[in-house]
Student: 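Okay, handing you the structure first.
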Amino acid sequence: MTAVVLDGIVLGLQFGLLGVGLTLVYGLGGVLNLAHGQLAVLGAIAVWLAIGTGLPVLPAVVVGLAAIGLLGFLLDTTLMRPVYARRGDERVLLGLLLTLGVAFIIDGLLNWRYPIASLNISIGGDPISILGVRMRTGSLLASTIAIAAAGLLLLFFRGTTLGRGVRSVIQDEEGARLVGINPASVRNLIFALSAVLAGLVAVTRSMTSPVSASAGIDFTILALIVAVVGGLGSILGAFVAGILLGIVNTVSSFYIGQYITTIVLLAAAALTILLRPSGLLGRRK
Amino acid sequence: MLEVEELSVGYLGDDVVHGVTLTVAPGEAVAVIGSNGAGKTTLFRGICGLLTASHGRVTFDGEDVSGQPAHKISRRGLAFVPAERHLFPGMTVKENLALGAYPGRPDPATMDFVLSLFPQLADRLSQHAGTMSGGEQQMVAVGRALVSRPRLLLLDEPTTGLAPKLAKAAYEALATLRSEGLTLLLAEQQVPLALDLTDRGYVLENGRVQLESSSEELRRNPEVRRAYLGIT
Amino acid sequence: MRSLVPIALTAAALALVPLWLSDSDFRMGLALEGLLFTAYAIAFNLIFGSTKQLFLCVGALAGVGGYTAAILADRVGLPMLLALVLAAGAAAVTGGLFSWVAVRRSLDVIFTGIITLTFSLAFQNLILGQRNLTGGETGLLVDTGAGTILREPVPAYYVFLGIVVTYLVVFRLLQRSHVGWAFRALRDDEVAAELAGVNVPRYRIYAGLVGSGMLGLAGAFFAFTEGFISASTFSFGHVDIRVLVMVVFGGLGTLLGPVLGATVFSVIDEVLIGVGQLRQVVYGLVVIAFFVGFKHGLVPAIETLVRTIAGRMGARIGTKGD
């Protein structure tokens, strides 16, 4: 049981890292990025390509994530501009449609050039025992990275001036402008960061199971569910929701089986939304 | 310090403020008085860059800042405290105040000064701003503006939603700031309070300056007395 | 009756399609799929365009209809007509339930979207999991309908044209009725609508019931004409994304927007078959290019254009008259 829950927490941290980018981008500018998972997979494929050129794994991961971050930045400065120029429902709808277009393009390009590509980083070494639970080195490394990334993120948002600046734009954009924060550059930065985080999740996933070029939509849907259950715009909420859903996922697939698990996961998400429409930690507007 | 020339500004192409000219000299306290809907808020939003003017010019410290976005004007040392305050509700009082110094860290002496001006805030530094009363939120808003160490402080209706006693207290704090040499421009419907504090005043009606004079004279002006001081 | 003229013209235009496609069964199949998506799009437009409920379970609701009809007719042995009615009813009840929940919990566009999306995915999993009933990944062969005209390309096309025309008439009648007045008020300004005495929740639920019933019926008919359904026939990626794009492209809440959107994208699909795997890329580019350009969809854009031209001509005639 401990092993299963521990597995769930590790998986959940990855869910959280995936959802937090989506939640931040939505909180800052009202764009629900439907290409989020595609960016994650593109990051993984970029790493795969970099490894293919003969780079060692670590530099390849750095290069791949930098590339995906740059792409995120460029998307926000170009394609998202007309979205931010609109208000209310219109902004939300246009944001959905344009990022959906991006998702099509990324999926299409990957399917065309690298239909069978998949990233599978294998970490050697013997299983290590933690809290009496034997863990494979790959999943241990993935967990360490996820924990470190989540910790760094929370530190960034709670403890640095820039991080607080980002939160201030989510809470009151006009107030942020009045203290000298440029919301547009905050959005640029966070879109890029969210793409890097998505890529990072794909890379850590690839340490335990292969990430294929067509996995984009699955990542997107997972991110959506995590972000909505946690409360759109809530950083901590994304992690809480991620960990809860992670535990639900592993416990149910251990005791009930994989096919029902997806349904259980979806039902848990739907139930949370119905009981608390603003999400676990979302603020009511 | 601040020159506003022939400024016209409004929403979605409809001007609310028409060709307003006003100046504020260093060290001065200036009031813009007028009834609800006279265009005071729109004028202030135009000055601090939250709205883009359709016509006219704003010069701050000898530099033309017309058309610059709010965050740039704020970093030049012009702080605006809006009537709705626009605090960050999910952050603590301390975080709200500290963000005034963005992108830097707050200067400890300034923080101490703000807390001496509003002693109530000192005990509540870790309370979330969204859970505070109107009067306390107003203190945080003014405090946040002060932490940026502004050279000019713009206040829009600082007494909005405050009980008379709290409104008076707010003006006492503003008087302290004046005596410290801070330049002030404020919009107010509570005309007596505003005219007691300031050196000069402008009367705004239907988006135009109707009258401009020393606060002393405005207090004696029969029309001002009838319209805004409730004296017949 | 004048309000039915655009529908009659559309029907006449679509009725001519088999004249130059009937020599190719493959192309007739594509045309039929175009009409199926038109039917989906009209139903989705009724739900989302008229009452702002973002149902991301168009495929799943059609699937409820499709699988219900196929299982009731093939396994239980019910007559085809009864199976169709029950299939439409099952979908209507499911969709109506979502509307009821969304109204009760006052969920906004995004939350309604997410709830219905989770249903889509859960439904997909259910279909794949309940192998002995649904055939799982291999799909389900449908015997009912075999040997009837439903399996012949041209007659089947006209059956679906009949469905599309019926849906358009239903949409227009609803638009013109008291209900439609409420829908319009709802679309323009919900608060004002409520103040004017429109029972907003009730109309949302009506729209959810009727629209979902239409989806279920279309899915059920498709099961009988195609003779084969599978999870991917009704998947989110295959149905919902395309329907959303079609309707928004054509013009949300307009009568002919869904028809136009579905037609344009069916033609694009056909043209792009040559490009093979790059089809999806081009699709994405088209979506982005159009939505950056037109913000309210094609039908309103055309209307504005026509009005501008008519206005100019009117102005010129006016000047001459002076």
Side-chain angles (χ1 to χ4, degrees), chain A residues 20 23-24 26-29 81 84-88 90 154-190 230-240 278-285, chain B residues 11-12 41 44-45 47-52 68-92 94-106 126 128-131 137 140-150 153-156:
Chain A
V20 76
T23 224
L24 281 168
Y26 181 80
L28 286 170
R81 286 187 68 152
Y84 297 133
R86 300 204 177 131
R87 304 264 158 255
E90 244 183 46
L154 289 178
L155 207 65
F156 170 68
F157 286 114
R158 301 269 150 190
T160 69
T161 305
L162 183 58
R164 287 198 197 103
V166 175
R167 282 163 62 213
S168 78
V169 178
I170 296 177
Q171 296 186 11
D172 194 315
E173 184 169 337
E174 192 164 313
R177 292 170 71 191
L178 289 176
V179 297
I181 298 168
N182 181 0
S185 44
V186 167
R187 281 195 279 265
N188 283 169
L189 173 81
I190 293 303
L232 281 169
S234 168
I235 299 160
L236 200 59
F239 282 107
V240 172
S278 52
L280 290 172
L281 298 184
R283 236 188 314 279
R284 269 158 217 278
K285 291 211 168 137
Chain B
Y11 302 88
L12 300 171
T41 299
F44 277 27
R45 288 171 66 88
I47 293 174
C48 76
L50 285 173
L51 289 174
T52 309
Q68 284 194 10
H71 65 269
K72 285 204 175 144
I73 295 180
S74 152
R75 288 197 195 184
R76 285 176 178 276
L78 191 159
F80 175 49
V81 181
E84 318 83 39
R85 285 135 200 170
H86 288 286
L87 296 177
F88 309 121
M91 291 198 222
T92 64
K94 194 175 176 187
E95 285 177 307
N96 267 278
L97 292 176
L99 274 168
Y102 191 91
R105 292 205 165 258
S126 50
H128 277 205
T131 63
Q137 290 199 6
V140 179
V142 173
R144 185 178 72 183
L146 290 175
V147 171
S148 71
R149 316 220 304 158
L153 184 62
L154 256 72
L155 297 128
D156 186 19

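It should be emphasised that the depicted structure is a prediction, and the values quoted were computed from it without experimental measurement. Numbered from 1 within each chain, the chains take letters A, B, ... in sequence-line order.
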Student: Who are the side-chain contact (heavy atoms from CB on, under 4.5 Å) partners of A/T160, not counting sequence neighbours?
Tutor: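 For A/T160, the residues satisfying side-chain contact (heavy atoms from CB on, under 4.5 Å) (neighbours in sequence not counted) are A/F156, A/L162.
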
Student: Contact part of B/L87 toward chain A, heavy-atom cut-off under 4.5 Å: side chain, backbone, both or neither?
Tutor: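 The answer is the backbone of B/L87.
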
Student: Quick one: CZ on A/R177 to CD1 on B/I73, what's the gap to the nearest 0.5 Å?
Tutor: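 A/R177 CZ to B/I73 CD1: 10.0 Å, rounded to 0.5 Å.
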
Student: Please identify each residue that fulfils side-chain hydrogen bond (donor to acceptor under 3.5 Å, both in side chains) with A/Y26, with sequence neighbours left out.
Tutor: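 Applying side-chain hydrogen bond (donor to acceptor under 3.5 Å, both in side chains) to A/Y26 gives none.
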
Student: Give me the atom names and distance for the closest heavy-atom approach of B/S74 to A/G180.
Tutor: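 Taking B/S74 first and A/G180 second, the nearest heavy atoms are OG-N, 3.3 Å.
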
Student: I'd like to verify something: which residue of B/R75, B/E95, B/R144 has the highest number of heavy-atom pairs under 4.5 Å with chain A?
Tutor: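 Result: the option with the highest number of such pairs is B/E95.
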
Student: Looking at CE of B/M91 and CZ of A/R167, how far apart are the two atoms once the value is rounded to the nearest 0.5 Å?
Tutor: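 Result: 4.5 Å between the selected atoms.
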
Student: Considering all heavy atoms of both residues, which atom of B/F88 and which atom of A/V179 are nearest to each other, and what is their separation?
Tutor: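 Closest approach of B/F88 to A/V179, heavy atoms only: CZ-CG2, 4.4 Å.
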
Student: Tell me the closest heavy-atom pair linking B/C48 and A/L178, and the distance in Å.
Tutor: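 Shortest heavy-atom separation between B/C48 and A/L178 comes out as SG-CD2, 4.2 Å.
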
Student: Would you name the heavy atoms of A/E174 and B/H86 that are closest together and state the gap between them?
Tutor: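 Taking A/E174 first and B/H86 second, the nearest heavy atoms are OE2-NE2, 3.5 Å.
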
Student: Where does B/P103 contact chain A at under 4.5 Å (heavy atoms): side chain, backbone, both or neither?
Tutor: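 For B/P103, backbone heavy atoms alone lie under 4.5 Å from chain A.
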
